[in-house]
Amino acid sequence: MSAPLRPRPAAQFGPATPRDRAVTGAAHSRLLTVGVIGAGRVGAVLGAALAAAGHRVVAVAGDSGASRARLALLLPDAPRSPVDSVARAATDLLLIAVPDDALAAVVADLAGRGALHPGQVVAHTSGAHGLAVLAPATAVGARPLALHPAMTFTGTPDDLPRLAGISYGVTAPSDLRPLAARLVADLGGVPEWVAEADRPLYHAALAHGANHLVTLVNEATDRLRDAGVARPEKVLAPLLRAALENALRLGDDALTGPVSRGDAGTVERHLARLAATAPESVPAYLALARRTADRAIAAGRLRPVDAQSLLGVLAESSREVAA
């Protein structure tokens, strides 16, 4: 069972300026009065982390059964309230942690109801969005902040120790950067400053790496079961951990396996058996094998002359799938 949360002092950044006081409210402690809209896995955990840093989480919004369970576990002392009440109570910082496609409507609705006020920091946790989605809040004098944790969450206390040292993709106006850096430090993280125009690319990279990795691991697990392996996770765990560590340390030099060697016959047998056993896996295998071959060639791991037969097999299989 996870240890109970213990408040710790928020990071100090020297004497508060008048601008700081307008943002943080409590001039002496420089602690923030915070509201959280969205008690999903991210919002509940970040709210708990801010509370553990000493900030005052005064209201949260989350009505589903799963949200109520998370809040009871992570923020038991924060009252649940309607979204507009949370926004009004969050005099310093309103943290909006809702799905990407819902974010614009939530911000527009809060601004339209008059629930936001000048000087209040309105932050969202979406990786895909930057500051533009917060334009209705900015129009009424609130200060916009995009604060995305580069981490996967379970929505339990087990997530809290994982926050130590992670990166946050931050987009902020220049005058808000000191406060953004303070918040990230209070959460135990490191800011990675992302330009507004680069938010979609930043988020695509994370989704491609993390979300697709989960799909890829589960595909490999399923195919091992098809091959009669009783405990595929036991087979895959040391192999995949080593592959990930090597890839992060060595880049394309970590490539191994039949594609990086140009073993066309092996790849052809892979594709034939996949087509017979799990045809739904063939398109993904082909796409990744072709991209692996391209990277292996570019990195000098695979000579173009040795790649010809392999690329021919991949092209022929692609035509068969398309047909």
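It should be emphasised that the depicted structure is a prediction, and the values quoted were computed from it without experimental measurement. When reading the values below, keep in mind they use all heavy atoms of this one structure, side chains included, and skip hydrogens, waters and symmetry mates.
In the hydrophobic clustering of ILVMFWY residues, with side-chain heavy atoms under 4.5 Å counting as a link, Val184 and Val36 come out together. With hydrophobic clusters built from ILVMFWY side chains whose heavy atoms lie under 4.5 angstrom apart, Val121 does not share a cluster with Leu116. Side-chain heavy atoms closer than 4.5 Å link hydrophobic residues (I, L, V, M, F, W, Y) into clusters, and following such links, even through other members, never connects Val133 to Leu95. Under the 4.5 Å side-chain contact rule for hydrophobic residues, Ile37 and Val122 share a cluster. Leu74 is not connected to Val86 by any chain of hydrophobic side-chain contacts under 4.5 Å among Ile, Leu, Val, Met, Phe, Trp and Tyr, and they are in different clusters.
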Checklist entry - After noting the C-alpha distance and the side-chain angles of Val42 and Leu46, does the key distance pass the side chain to side chain contact (heavy atoms under 4.5 Å, CB included) rule? => result CA-CA 6 Å; Val42 176; Leu46 292 188; 3.8 Å; yes

Item to check | Pair Thr171-Glu196, side chain to side chain donor-acceptor pair (under 3.5 Å): steps then yes or no | outcome: CA-CA 6 Å; Thr171 304; Glu196 177 80 7; 5.1 Å; no

Next on the checklist: Run Asp63 and Arg80 through salt bridge (charged side-chain N to carboxylate O under 4.0 Å, His left out) and show every step you take.
Outcome noted: CA-CA 8 Å; Asp63 293 328; Arg80 285 193 303 113; 3.5 Å; yes

Next on the checklist: Applying side chain to side chain contact (heavy atoms under 4.5 Å, CB included) to Thr156 and Val45, what does each step give before you reach the verdict?
Outcome noted: CA-CA 7 Å; Thr156 69; Val45 170; over 6 Å; no

Next on the checklist: I'd like to know whether Val217 forms a side chain to side chain contact (heavy atoms under 4.5 Å, CB included) with Val214, so could you lay out the CA-CA distance, the side-chain angles of the two residues, the decisive distance to 0.1 Å, and finally the verdict.
Outcome noted: CA-CA 5 Å; Val217 171; Val214 173; 6.0 Å; no

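Rounding to the nearest 0.5 Å gives a distance of 11.5 Å between CG of Leu147 and OG of Ser126. Atom CZ of Arg269 is separated from atom OG1 of Thr266 by 4.5 Å, given to the nearest 0.5 angstrom. Between the NE2 atom in His124 and the CG atom in Leu145 there is a gap of 8.0 Å [rounded to 0.5 Å]. Rounding to the nearest 0.5 Å gives a distance of 9.0 Å between OG1 of Thr91 and CG of Leu32. We find the OG-CG distance between Ser317 and Leu271 to be 4.5 Å, quoted to the nearest 0.5 Å. If you take CD1 on Ile166 and CE on Met151, they are separated by 5.0 Å, rounding to the nearest 0.5 Å.
Between Asp253 and Asn246, every side-chain heavy-atom pair lies at or beyond the 4.5 Å cut-off. Counting heavy atoms from C-beta on, the side chains of Leu206 and His148 come closer than 4.5 Å. With contacts defined as side-chain heavy-atom distances shorter than 4.5 Å, the pair His203/Asp100 qualifies. Considering only heavy atoms from C-beta on, Ile96 comes within 4.5 Å of Leu94 through its side chain. With contacts defined as side-chain heavy-atom distances shorter than 4.5 Å, the pair Leu187/Tyr168 qualifies. Side-chain contact check for Val140 versus His117: every heavy-atom pair is 4.5 Å or farther apart. Between Leu176 and Pro173 there is a side-chain heavy-atom pair separated by less than 4.5 Å.
Using modelled atom types, no side-chain atom of Asp198 and backbone atom of Val194 make a donor-acceptor pair closer than 3.5 Å. Remark: the backbone N or O of Leu274 is not paired with any side-chain donor or acceptor of Thr277 at under 3.5 angstrom. Between the side chain of Gln120 and the main chain of Ala87, a donor-acceptor pair closer than 3.5 Å is present. Although no hydrogens or angles enter the test, the distance criterion places a donor-acceptor pair under 3.5 Å between the side chain of Asp159 and the main chain of Thr154.
Evaluation of the ring pair (Phe, Tyr, Trp, His ring centres under 6.0 Å) rule for Phe153 yields no partner, not counting sequence neighbours. Asp222 is linked by a side chain to side chain donor-acceptor pair (under 3.5 Å) to Arg225, counting only residues two or more places apart in sequence or in another chain. Qualifying salt bridge (charged side-chain N to carboxylate O under 4.0 Å, His left out) partners for Asp226, counting only residues two or more places apart in sequence or in other chains: Arg223. Evaluation of the ring pair (Phe, Tyr, Trp, His ring centres under 6.0 Å) rule for His212 yields His208 as partners, not counting sequence neighbours. With sequence neighbours excluded, no residue forms a salt bridge (charged side-chain N to carboxylate O under 4.0 Å, His left out) with Arg199. A search for ring pair (Phe, Tyr, Trp, His ring centres under 6.0 Å) contacts involving His129 returns nothing, not counting sequence neighbours. Every residue two or more places apart in sequence or in another chain that forms a salt bridge (charged side-chain N to carboxylate O under 4.0 Å, His left out) with Arg295 is listed here: Asp252. Take Arg241 and apply the salt bridge (charged side-chain N to carboxylate O under 4.0 Å, His left out) test, not counting sequence neighbours, and it matches no residue.
Annotation for Leu244: hydrophobic cluster partners, listed by chain and number, are Leu248 (ILVMFWY side-chain heavy atoms under 4.5 Å, direct or chained). Other members of the cluster containing Leu131 do not exist, because no ILVMFWY side chain is joined to it at under 4.5 Å.
When each of Val107, Leu103, Thr125 is checked for a side chain to side chain contact (heavy atoms under 4.5 Å, CB included) with Val98, only Leu103 meets the rule.
Atom CD of Glu192 sits in a sparse spot, with 12 or fewer heavy atoms from other residues, nucleotides or ligands closer than 6.0 Å.
Using a 4.0 Å cut-off between charged side-chain N and carboxylate O, Asp175 and Arg143 make a salt bridge.
In plain terms, the two heavy atoms of Ala296 and Ser260 that are nearest each other are CB-CA, 4.3 Å. Heavy-atom minimum distance, Tyr202 versus Ala150: OH-CB, 4.3 Å. The two residues Val259 and Ala289 come nearest to each other via the heavy atoms CG1-O, 3.6 Å. A pairwise comparison of heavy atoms in Ala89 and Val58 identifies O-CG2, 3.6 Å as the closest pair. Between Ala97 and Gly43, the shortest heavy-atom contact is CB-CA, 3.6 Å. Among all heavy-atom pairs drawn from Ala180 and Trp193, the shortest one is CB-CH2, 4.0 Å.
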Give the table of side-chain donor-acceptor pairs shorter than 3.5 Å for residues 297-314, with sequence neighbours excluded, one pair per line with atom names and distance.
unit_1, atom_1, unit_2, atom_2, d
Arg301, NH2, Leu255, O, 2.8
Arg303, NE, Asp306, OD2, 2.8
Arg303, NH2, Asp306, OD1, 3.2
Arg303, NH2, Asp306, OD2, 3.1

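Within the structure, every pair that satisfies the salt bridge (charged side-chain N to carboxylate O under 4.0 Å, His left out) test and touches residues 108-127, not counting sequence neighbours, is listed here: Asp84-Arg113, Asp109-Arg113.
Aromatic ring centres of His270 and Tyr285 lie closer together than 6.0 Å.
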